[in-house]
Amino acid sequence: MATRTDLDGRPIKPLTICMIGAGGFIGSHLCEKLMSETPHKVLALDVYNDKIKHLLEPDSLPWAGRIQFHRLNIKHDSRLEGLIKMADLTINLAAICTPADYNTRPLDTIYSNFIDALPVVKYCSENNKRLIHFSTCEVYGKTIGSFLPKDSPLRQDPAYYVLKEDTSPCIFGSIEKQRWSYACAKQLIERLIYAEGAENGLEFTIVRPFNWIGPRMDFIPGIDGPSEGVPRVLACFSNNLLRREPLKLVDGGESQRTFIYIKDAIEAVLLMIENPDRANGHIFNVGNPNNEVTVRQLAEMMTKVYAKVSGETVLESPTVDVSSKEFYGEGYDDSDKRIPDMTIINKQLGWNPKTSLWDLLESTLTYQHRTYAEAIKKSIAKPSAS
């Protein structure tokens, strides 16, 4: 492997990276990138390893010996500090991050995203280890624009809805709207990390993902995840398409979101890993402002892409409206619009996303159709127990 250089032309020395949550969607793609393109070593920590099994076996793989899987739950495992000490850098991806859980499991959500992350931050700070912590675009909450009258021309002014890491306020709904339990826990751990940097010199980078999507994201209910669970929007829609059911639009699908391809996002993370001088002390939005759609438009686009990928005809009524209370339960609330400002990451790391929404949906749905279509046919064909 040729010597890799950072953005300032300096050779990059091989690192040992302790990756918490390595077996998840983001972790699996990041592990693939690190194994195939860099000399870095990964201590992969997670409860499950299904999504990275192809990187762990067999021993003849070109990166054999550079990735070690450690099955552990960071909640209660005495090995955690030792593994952080062995590494140059810790990346924390562990979290409960499915919107349906924020209402129904607010305690688990708060514990998972704040309490369970505390020891990770503490061990990194005490042992002078660098930390890349994954937060969320949810920390911004609602935009200032959402509080303006519906017909106000100011709603079109970017100052009221474009989200900037260093100036945008973080606005949440009232306490009984438990949907904000996740965002609040994530914001508090960000503040703690920032304070550790200011008071104790912790070297940190905080990542705020804006809807990263691609193969292996989330779960398809009853196939590779619990049948009673509700995954995030893309997997919900994929599940409906695979089962030939109408796509459920919560409260008319009027919320607006931006979506970014996982492979583009992972490029950004690799730049953070390999350019500590440019990344330390920063919070980075990682999203694609060019891929903005309403949830209704996303449903329409996914329906077209899936018809192309699968060769199946589109349903006569491809979507159905449901209320947020019916879909998520009491206490649900939402943000209207989330557009990431990309100034800081562009200035510090020279990074920009590349993949269009159509292309990333085509890649994701091709993978899902290939991976799940047969399993779903079998599950539908099974006679139900009387």
Side-chain angles (χ1 to χ4, degrees), residues 20-21 24-27 29-30 74 91-103 105-106 108-118 120-121 131-143 146 161-166 168-173 177-194 204-214 217-218 230-235 255-262 264-266 268-269 272 282-289 291-292 295 328 332-342 344-345 353:
I20 300 164
F25 164 56
I26 296 172
H29 284 276
L30 185 51
I74 59 167
I91 300 176
N92 188 12
L93 290 153
I96 286 179
C97 52
T98 309
D101 291 331
Y102 310 159
N103 273 11
R105 299 168 56 203
D108 283 348
T109 299
I110 293 164
Y111 272 77
S112 160
N113 291 292
F114 180 67
I115 306 292
D116 297 349
L118 285 175
V120 178
V121 180
L131 171 65
I132 295 180
H133 182 83
F134 273 70
S135 185
T136 172
C137 60
E138 290 255 343
V139 297
Y140 292 108
K142 296 167 176 266
T143 61
S146 68
Y161 64 81
V162 172
L163 301 168
K164 301 185 177 191
E165 299 95 328
D166 51 352
S168 292
C170 303
I171 309 168
F172 303 144
K177 300 289 189 189
Q178 297 209 91
R179 184 250 201 279
W180 302 109
S181 56
Y182 172 68
C184 212
K186 281 290 200 185
Q187 191 204 116
L188 190 53
I189 200 75
E190 277 197 26
R191 290 189 184 278
L192 183 105
I193 291 166
Y194 202 91
F204 71 87
T205 303
I206 291 169
V207 185
R208 289 181 181 162
F210 280 71
N211 300 303
W212 296 11
I213 59 178
M217 80 160 292
D218 236 342
V230 180
R232 284 165 290 193
V233 64
L234 193 109
S255 293
Q256 288 170 277
R257 294 289 181 270
T258 61
F259 295 90
I260 178 170
Y261 192 38
I262 183 69
D264 289 356
I266 292 299
V269 180
M272 294 174 209
H282 285 285
I283 298 172
F284 291 120
N285 288 339
V286 182
N288 189 339
N291 286 347
E292 192 204 11
V295 173
Y328 287 119
Y332 188 75
D333 197 11
D334 206 352
S335 58
D336 55 332
K337 192 173 170 77
R338 287 201 198 117
I339 306 279
D341 181 88
M342 306 307 291
I344 293 178
I345 194 165

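Within the 4.5 Å cutoff, side-chain heavy atoms of Trp212 are placed close to those of Val286. Residues Tyr140 and Arg208 have side chains in contact (heavy-atom distance under 4.5 Å, counting atoms from C-beta outward). With a 4.5 Å cut-off on side-chain heavy atoms, Ile345 and Met272 count as touching. Considering only heavy atoms from C-beta on, Ile262 stays 4.5 Å or farther from Met217 through its side chain. Using a 4.5 Å cut-off on side-chain heavy atoms (C-beta onward), Lys337 and Glu292 make contact. Using a 4.5 Å heavy-atom threshold, the side chains of Ile189 and Leu118 count as touching. Here the side chains of Phe134 and Val269 are in contact, with some heavy-atom distance below 4.5 Å. Looking at heavy atoms from C-beta onward, Ile266 lies in side-chain contact with Ile26 at the 4.5 angstrom threshold.
Listed here is the closest heavy atom pair of Asn285 and Glu165: N-OE2, 2.8 Å. Considering all non-hydrogen atoms of both residues, Lys164 and Ser168 come closest at N-OG, 2.7 Å. When all heavy atoms of Pro340 and Pro289 are compared, the pair lying nearest together is O-CG, 3.8 Å. Nearest heavy atoms, Ile339 versus Phe210: C-CE2, 4.2 Å. Annotation for Met342 and Gly287: closest pair CE-O, 3.4 Å, computed over non-hydrogen atoms. Minimum heavy-atom separation, Cys184 to Phe172: CA-CE1, 3.7 Å.
Side-chain atoms of Asn291 come within 3.5 Å of backbone atoms of Phe259 as a donor-acceptor pair (strictly under, hydrogens ignored). At distances below 3.5 Å, at least one donor-acceptor pair connects side-chain atoms of Ser146 with backbone N or O atoms of Thr143. Of the possible donor and acceptor atoms, none in the side chain of Thr205 sits under 3.5 Å from a partner among the backbone N and O of Ile132.
Rounded to the nearest 0.5 Å, atoms CG (Asn288) and CD1 (Ile260) are 5.5 Å apart. How far CD of Glu138 is from CZ of Arg338: 4.0 Å, rounded to the nearest 0.5 Å. A distance of 10.0 Å separates CG of Asp101 from CZ of Arg232, quoted to the nearest 0.5 Å. With rounding to the nearest 0.5 Å, the separation of CD1 in Ile213 from CG in Asp264 is 11.0 Å. Put simply, CG on Asp116 and CD1 on Ile110 are 12.0 Å apart, with the number rounded to the nearest 0.5 Å. The CG atom of Asn113 lies 9.0 Å from the OG1 atom of Thr136; values are rounded to the nearest 0.5 Å.
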Working for side chain to side chain contact (heavy atoms under 4.5 Å, CB included), residues Gln187 and Trp180: CA-CA 10 Å; Gln187 191 204 116; Trp180 302 109; over 6 Å; no
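Aromatic ring orientation, His282 versus Phe284: parallel (interplanar angle below 30°, classes split at 30° and 60°).
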